[in-house]
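Sharing a structure, written as structure tokens. Questions coming.
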Amino acid sequence: MENAVHEAFALAEHAATVIRKTFPAHHEVLVVLGSGWAESVPALEALSTSPVHTLEIAEIPGFKKPTALGHGGALKSITVGSTPVLLLTGRTHLYEGRGVHAVVHGIRTAYNLGCRTVILTNGAGCLRTDWQVGTPVVIRDHINLTAHSPLTGDNAPPPLAGRFVDLTDAYATSLRDLVRSIEPSINEAVYLGLHGPHFETPAEITMAATWGAEMVGMSTVLETIAARHLDMNVLALSLATNLASGLSGNKLSGEEVIQVGKDSSKKVGDLLSRVLIAFDQLQNGKLS
Ligand code: HPA
């Protein structure tokens with residue numbers, strides 16, 4: 001194999017070939033379920049108008065069971081209305097040390113299975129003290145401070161696009177509008193993506209606030225870049241699991257993040273279900 005980039009794309013094609021042996025051949029939407037969102041899986045499965053298919057991701061080439069707290073390790077196929085949807089119940093984070101291509105492998109695999117829309121979800125710290133912890137927000141833009149890009153190295157193999165990807169409209173306006181049509185009061189945020197796994201210092205959060213960051217987390221931005229490279233439309237939703245470092249007087253802990261996620265599972269499951277139903281209706285011309 002020529003180089004790491006071509007190897008990464010070939011591995012995603014191989015993963016898709018393996019998945020197609022048990023799943024329906026074509027999917028349209030990938031939903032990545034991060035901290036606080038994976039608990040929505042039963043509600044999403046209950047929506048399915050076709051039998052649910054499940055694979056342990058450890059059985060799929062290039063995937064490994066995530067080590068992050070609160071992350072599952074399955075890939076599921078459901079159908080919402082007539083839209084076939086993949087659910088990835090856990091993601092690989094950059095801080096797990098498997099490299100940037102492992103972080104975006106799910107995106108590239110889903111692309112090979114036909115997905116042209118990605119819904120990324122995460123649990124994140126909130127810099128806005130006037131917003132409510134335990135509430136989802138829509139990401140409208142990001143600041144990538146991971147110091148990495150999934151497009152580092154050689155160009156992807158043709159006919160895929162080259163490396164200089166436009167991120168002006170990284171988070172699709174049409175999908176943000178769709179969420180607002182079903183949840184008019186939802187807040188929109190600039191998400192700051194950091195390497196982690198440590199939480200931030202209060203001084204870092206003070207700096208981030210001056211840059212315009214409103215949510216902070218350790219995921220999403222690299223997946224968005226990889227998806228935009230493939231011309232996939234991205235919607236990203238954050239659950240505010242805590243006020244960011246130094247803003248509440250409390251220390252931060254992974255356990256608190258998980259607990260707020262559990263406490264909010266009904267709310268976020270309900271939102272995701274309604275987003276998928278509205279997306280299906282839009283695709284089928286039933287929503288203007
Ligand atoms: N910082 C970074 N990542 C996070 C946080 C946070 O406060 N909460 C949940 N994920």
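One-based numbering, in listed order, for ligands and for the atoms of each.
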Per-atom contacts of ligand 1 with Thr241, taking only distances under 4.0 Å to non-hydrogen atoms: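 Listed by number with element, the hits are 8 (N), 9 (C).
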
Closest to atom 10 (N) of ligand 1 among Gly217, Gly123, Ser238, Ala244 (heavy-atom distance):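 Looking at heavy atoms only, the winner is Gly123.
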
Atom pair OG (Ser273) and CG (Leu44), whose distance is rounded to the nearest 0.5 Å: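 Going from OG on Ser273 over to CG on Leu44, the span is 4.5 Å.
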
Atom 7 (O) of ligand 1: the protein heavy-atom neighbour that sits closest, reported with distance to 0.1 Å: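 Result for atom 7 (O) of ligand 1: Asn242 ND2, 2.9 Å.
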
Heteroatom proximity flag, Gly125 to ligand 1, N/O under 3.5 Å: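 The answer is yes, given that Gly125 and ligand 1 share an N or O pair closer than 3.5 Å.
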
side-chain contact (heavy atoms from CB on, under 4.5 Å) between Val190 and Leu192, intermediate numbers included: CA-CA 7 Å; Val190 172; Leu192 171 66; over 6 Å; no

Per-atom contacts of ligand 1 with Glu200, taking only distances under 4.0 Å to non-hydrogen atoms: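 Answer, ordered by atom number: 1 (N), 2 (C), 6 (C), 7 (O).
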
Proximity to ligand 1 by part of Ala124, non-hydrogen separation under 4.0 Å: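 Only the backbone of Ala124 comes within reach of ligand 1.
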
Mode of Leu252 contact toward ligand 1 - side chain, backbone, both, neither (heavy atoms, under 4.0 Å):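 Looking at Leu252 and ligand 1, just side chain atoms fall under 4.0 Å.
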
Sole residue of Val221, Leu222, Thr146 in side-chain contact (heavy atoms from CB on, under 4.5 Å) with Val103: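 Only match with Val103 under side-chain contact (heavy atoms from CB on, under 4.5 Å): Leu222.
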
Partner of Val137 under side-chain contact (heavy atoms from CB on, under 4.5 Å), chosen from Val179, Asn187, Leu239, Leu237: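 Single side-chain contact (heavy atoms from CB on, under 4.5 Å) partner of Val137 among Val179, Asn187, Leu239, Leu237: Asn187.
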
Aromatic plane relationship, His148 with His195 - under 30° parallel, 30 to 60° tilted, over 60° perpendicular: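 Geometry flag for His148 against His195: tilted rings.
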
Close-contact set for ligand 1 against Met218 heavy atoms, below 4.0 Å: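 Answer for ligand 1: 2 (C), 3 (N).
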
Linked, directly or transitively: Ile60 and Tyr111 (ILVMFWY side chains, under 4.5 Å):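 Same cluster.
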
